[in-house]
Amino acid sequence: MAREIAKAYDPQLIEGKWAEFWSKGDLFRADPAAPGEAFCIVIPPPNVTGSLHIGHMLDHTEIDILTRWHRMRGFNTLYLPGTDHAGISTQRVVVRQLAEQGINYRDLGREEFEKRVWKWKEESGGTIQRQMRQIGESCDWSREKFTLSPELSRVVREVFVRLFEENLIYRANRMMNWCPVCLTVLSDLEVLHEERAGSLWHVKYPVVGSSEFIVVATTRPETLFGDTAVAVNPEDERYIGLIGKKVKLPLTDREIPIIADAYVDKDFGTGALKITPAHDPNDFEVGKRHNLPAIDVLTDDGRMNSHAGAYAGLDRFAARKKAVADLEAQGLLEKIVAHTHAVGLCERSKTVVEPRISTQWFCAMKTLAEPALAAVERGEIQIIPENRRQEFLFWMRNIRDWTLSRQLWWGHRIPAWYCAENGHVTVARETPDVCGTCGSKNLKQDPDVLDTWFSSGLWPFSTLGWPDKTADFERYYPTSVLITGYDILFFWVARMAMLGIHFTGQVPFRAVYLHSLVRTGSGEKMSKSKGTGLDPVALNEQYGTDAMRFCLASMAAPGTDIVLSEDRLLGARSFANKIWNAARFLFVNLEKYEQTGAKLEQLAAPEIRAAAPFAAAGEIPLADKWLFARLAETIAAVNQAFDTYYFHEAAQQIYQFFWGDFCDWYIEWVKPDLQSANAERAEVAWKNLFAAFDAALRLLHPVMPFLTEELWHQLPQKAGAKSIALDTYPVAGERWKNRAALDEFAFLQDVIKSLREVRSQMKLDPKKKVQADFSSADAGLRASLAANLDAVLRLGILSGLNVTAERLEQPGGAVRSTARFDLRIAYSDVVDVTGESARIKKEIEGLAKAIQSKEKQLSNEVFRSRAPEKVIKEMEGTLTEQRVELQKLNDRLAQLGG
RNA sequence: GGGCGGUUAGCUCAGUUGGUUAGAGCACCUGCCUUACAAGCAGGGGGUCGCAGGUUCGAGCCCUGCACUGCCCACCA
């Protein structure tokens, strides 16, 4: 095997290489016949607006991390990537593109329009999938093609018809939210509310047959053309005499009645309310009670229609200005009061939505919600984190009926047909020949399509072949986990839960992990349409995908949102670079070692790595014992972290191990051994080093797939081994665990750090080796130091170390003491008595405080009786040590004359 | 108007059942281009954990109130 390890870490090069490899697609393609535990994951797809969105980068990073982790631990994982909800986005893009060419999409005709949308979907879908591979996404996308396929349409119709037959789907005339840009109704969930500063216009309506006026307050004066009454509270004494009279509607010739309705709040505005049943939900209700006509004054695209007389054709906001001006000119505008109120905005277009009356299809939700609610309450569906669970429960308990129909041209057509003669409705799985009621052959299908979330809500079982009993369905349903952002908890997660349980009798997934959203610095949700998004592809190119993934993972603490920062990305990139350079060290040094006739195969073959750690002269070197013990600790912590979706904790653990332990201590420690004249020692050092490095790569692989893949291929692997992703995850075996080695190594680190600290404080020339004395009553420590003298001398930059049990005489030099040992660097130039005294005083201060608080607690009988034994014992142990340290510090201070 | 979260070092954030002197990265200061790595190495300074009470032997963590901030939900003109 030709070893090639570039001089510098280059993410572009590595990522390009392996993205292509993974795109061949056989790494994670689930095979139901394969051994291993089934583990099924559902994720949302990238937004089909042309490129990858940062939010999806997070979705896919987390899911890809888990998938690789599962796969390496022997689970047979199946992704179900994608939902159907990209439909509206797709349509919106095409509508916009057409508009730029001056074409109204509705003029194209339905068929032509659908063709264009399909074309775009295929093009952008390809782009997205290519981008997903570039970011390390390794899943099988074949099921994503299911979106809007005839197979899915079949399932959608099946579900619709069944719900209709169960009387859960119905058609009704209601006040709806209408988006004048998207030209469709919206469900309540698709309307965002935003506080806006507006005005409350007080308009004088002349009372017919008198010179009086009744003043109404309104935020939307342009709707007065649709007024069919003025309402007052029946108990409002100001207006009691006016009830039943008529007013002349300004700007028109119409006269409308003054009615009494308890809905009117006497204390708001003027206490008189204009009633516009066609354009306000409350007015609609009032109108029904009083049999008032509803006059729609708007066109579909938000302009005034013929009911607005001279205003016809004006945009609604222009009409508002004109109405105000005209009223003012006629002396009918009493005053204008500043008023902030919530306006409803279309989630997609951000246009102010208009309440309008129309006939739509609805789904009754109570029946569907109850079992889903119960499943979450009983824990059959686990929602993480906990506060999202509460949100889910609250929403489900207060659920409202779901508006299913949309006046769009893209999506699954509603399987309902109307006969021309009587308007009978026929709902059917297949296109019917005759009306189910009157037998008419003159049928027309409902032009509307279903909310995309309707088909998305079927995803976990529709993709597995339902309603047929397929092998996939048997094996993978219910799925194991759904990972997505909490912003679609209600849109998607709740609907999947309800529909899944209703149609399969089982929960669609056992766990839902809701991750944070990536926000901008100012707290906004990152969004392409708002222009606040970061482009993950560009960031990947800039910092490297591995760095990006590591950064996202390390920031993905559950419960709080993520603000991506340049600092963190740079830190992650540095980490990638660090790993690369550690690998470079191994291979560059190996070349030297190979001159002795050694072969990589004999040092790092898989079966050799599996048998590590090795012993030299009958004993495993301390540093090696320590490293494998640390590795075992880290593996356990990382597994635990992934298991509970603590991605940030896993990232942190790996970072600490790789950089702090492996690079800073272990490699530095064993450097001389690697070229040792002692052949056995050198060989063992190499074997252990490669074994540890290999395990560390596998440990890291889920988070940084490209880098680890590249480096893994530099090591000897079994014949035919394709990818590190198909290797095993390291196991924290008993052989590696070693408490004693951890403690002993920590002691040596303590000594070395003390030496370095003293040197630094004394401002010694870094190359100047000095003599030091070590004193401890503990024979074990002295023995350990003697056994590891070479490393301590080298890393502490000493010319010699005198180890003794005697108490140190304290003439010159600098001293560092712990409870267990004293260290002195003999160096005549130490003169900074003031500085040294100050440092010691400060340390004494801190230590005294700590001792005091412990003494106080330990002398408290209540504490002794109530605190756990372990806490007391540990505290006593530390107290003893700290007292010794304090004594030593005081002695030292006295000696310095402080 | 309801609900949820945040407030910890100069900055960005960890801190998982309350338990010894609260951590990381970046930034900063000091010294080093020590042939894996200056995207680095060694050392260092820096926080009364938003404010005020309370519970507890013990609180960054639990309770109450307040302030600031963000998000979600909500048909009051």
Side-chain angles (χ1 to χ4, degrees), chain A residues 8-9 175 188-189 193 200 216-220 231 263-265 268-270 272-276 280-285 339 341-342 344 355 387-388 390-391 394-395 398 486-487 489-490 517 519 522-525 554-555 557-568 570-589 640-641 644 646 648-649 652 655-656 663-664 667-668 753 756-761 763-767 797 846-847 849-851 853-854 856-857 860-868 870-872 874-879 882:
Chain A
Y9 166 62
M175 178 63 69
D188 295 328
L189 266 182
H193 296 271
L200 200 51
V216 302
T218 179
T219 54
R220 300 167 64 207
Y263 163 73
V264 181
D265 179 354
F268 188 90
T270 61
L273 176 60
K274 70 195 229 11
I275 300 298
T276 322
D280 183 278
N282 294 307
D283 293 9
F284 180 67
E285 294 303 318
H339 178 67
H341 63 294
N387 59 322
R388 301 292 167 204
Q390 296 302 335
E391 255 174 52
F394 182 81
W395 189 77
N398 298 286
Y486 63 77
D487 54 336
L489 177 61
F490 305 137
L517 298 182
R519 293 187 182 276
S522 53
E524 281 176 283
K525 191 161 106 180
S554 72
M555 299 189 76
T560 48
D561 286 341
I562 295 173
V563 179
L564 261 193
S565 71
E566 167 126 25
D567 277 357
R568 295 292 287 250
L570 281 170
R573 192 188 63 170
S574 300
F575 183 47
N577 188 50
K578 186 73 181 176
I579 294 159
W580 185 260
N581 280 307
R584 245 172 67 73
F585 168 80
L586 292 192
F587 291 111
V588 169
N589 275 272
Q640 151 96 29
T644 49
Y646 273 59
H648 67 300
E649 176 66 19
Q652 183 57 39
Y655 183 93
Q656 169 56 37
C663 292
D664 290 347
I667 289 184
E668 293 304 326
K753 281 197 265 191
R756 287 169 173 173
E757 190 199 329
V758 170
R759 296 183 59 95
S760 178
Q761 222 116 53
K763 302 211 189 308
L764 290 184
D765 178 341
K767 283 177 185 145
I797 317 170
L847 205 51
K849 220 165 95 185
I851 289 172
S853 92
K854 274 191 215 55
K856 191 176 149 204
Q857 278 205 26
N860 186 328
E861 280 313 311
V862 192
F863 168 71
R864 284 189 168 280
S865 62
R866 294 195 192 173
K870 188 175 162 239
V871 172
I872 295 174
E874 280 176 1
M875 205 179 273
E876 281 172 342
T878 313
L879 180 59
Q882 288 179 334

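Chain identifiers are assigned alphabetically (A, B, ...) following the order of the sequence lines, protein sequences preceding nucleic acid strands; residue numbering begins at 1 within each chain.
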### Query
What nucleotide, of B:A36, B:A77, B:U16, holds the atom closest to the side chain of A:E649?
B:U16
### Query
Does the B:G19 base have a donor-acceptor partner in the side chain of A:Q857 within less than 3.5 Å?
yes
### Message
Using a 3.5 Å distance criterion without hydrogens, assess whether the side chain of A:D280 forms a donor-acceptor pair with backbone atoms of A:D283.
### Response
yes
### Task
Give a yes-or-no answer on whether the side chains of A:Y263 and A:N282 include a donor-acceptor pair shorter than 3.5 Å.
yes
### Gap between atoms CZ and P, on A:F575 and B:G40 respectively (whole Å)
12 Å
#### Entry: Aromatic ring proximity, centroids under 6.0 angstrom, A:H648 and A:Y655
no
### Summary
A correct 5'-to-3' footprint of nucleotides 21-34 of chain B, with B, S and - meaning base, sugar-phosphate only and no protein heavy atom under 4.0 Å, is B--SSS---SS---
### Query
What pattern of brackets, bars and dots sums up RNA chain B from 5' to 3', given Watson-Crick or G-U wobble pairs under 3.5 Å, [ ] for crossing pairs and | for another strand?
(((((((..((((.....[...)))).(((((.......))))).....(((((..]....))))))))))))....
### Which residue lies more 5' along RNA chain B, comparing A:N577 with A:M875 via nearest heavy atoms
A:M875
### Task
Kindly say whether, by distance alone, the side chain of A:N282 makes a donor-acceptor pair under 3.5 Å with the base of B:C75?
yes
## Note on the structure
A:I667 has its side chain closest, among B:G19, B:A36, B:A77, to B:A36
### Query
Between the base of B:A42 and the side chain of A:E668, is there a donor-acceptor distance below 3.5 Å?
no
